[in-house]
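Note that the coordinates shown come from a computational prediction; the quantities given were computed from them, not determined experimentally. Along the sequence shown, residues are numbered consecutively beginning with 1. Order of appearance sets the numbers: ligands from 1, and atoms from 1 within every ligand.
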Amino acid sequence: MSTIDSLFVTRLYRASLSEKKPAIDTAELQASCWSIAEDDEAGQDWCEQNGYPGYTSYASLTDLPYRFPIFKDLVKCLDKHVKSFAKDLAFDLGDRPLKLEDIWINILPPGGIHTSHIHPHSVISGTTYVAVPPGASALKLEDPRLPMMMAAPPRHKDAPAELQTFRYIAPEPGDVMLWESWLRHEVPLNMAEEERISVSFNYSWS
Ligand SMILES: [Fe+2]
């Protein structure tokens, strides 16, 4: 009898933030994101100079958890989600746990887009979703073997999820998604009439 196995699997972790403690109030987090964005003139200038749609704190605020208690709590909660995912991935981390390296706010306006990228120098990256209005962009993930598929035929549209070349995952507010940092991903055009707000982060092993 023949067998067909799946090898070298790519894992995607999806959970509600509230599955771990401390509890994070999504409405409060959303209000904090807006107030930080409005006060962060250096960040606004950076976005304008770099043609970045909307707002990111990535280039201007490297210490959100120290400045804002809700971000401190968020990191405590994310630490637990990342620990669960690292366990699922069977990482042998020894006595050196994965640690938060960066955490930043993204406010993507209607018509905004974040092109395809990876997160170098990190082990696990992810996003928690703060505001996802109707029509807001999904997260698009790409098969990491795509650059090697010189002659591979396309897959059927209704192929099983694990065989598709691209996956679009539509988040809900309060969701957290985690993946390995080498996994290429993008945020397609935001078709919503309002801003899509998320908080992204990197965890590293050192
Ligand atoms: Fe990203």
What I want to check is whether the side chains of Ser200 and Thr127 have a donor and an acceptor closer together than 3.5 Å. yes
Only counting residues at least two apart or in another chain, list the ones meeting side chain to side chain donor-acceptor pair (under 3.5 Å) with Thr56. none
Exercise: do Thr165 and Asp143 side chains pair donor with acceptor under 3.5 Å: no
Chi angles and distances behind the side-chain hydrogen bond (donor to acceptor under 3.5 Å, both in side chains) call for Thr115, Glu186: CA-CA 5 Å; Thr115 53; Glu186 67 178 271; over 6 Å; no
Excluding waters, which protein N, O or S atoms are within less than 2.8 Å of the Fe ion (ligand 1)? His117 NE2, His119 NE2, His185 NE2
Between His185 and His114, is there a side-chain donor-acceptor contact under 3.5 Å, judged purely by atom types and distance? no
Side chain of Gln44, backbone of Ala37: donor and acceptor closer than 3.5 Å? yes
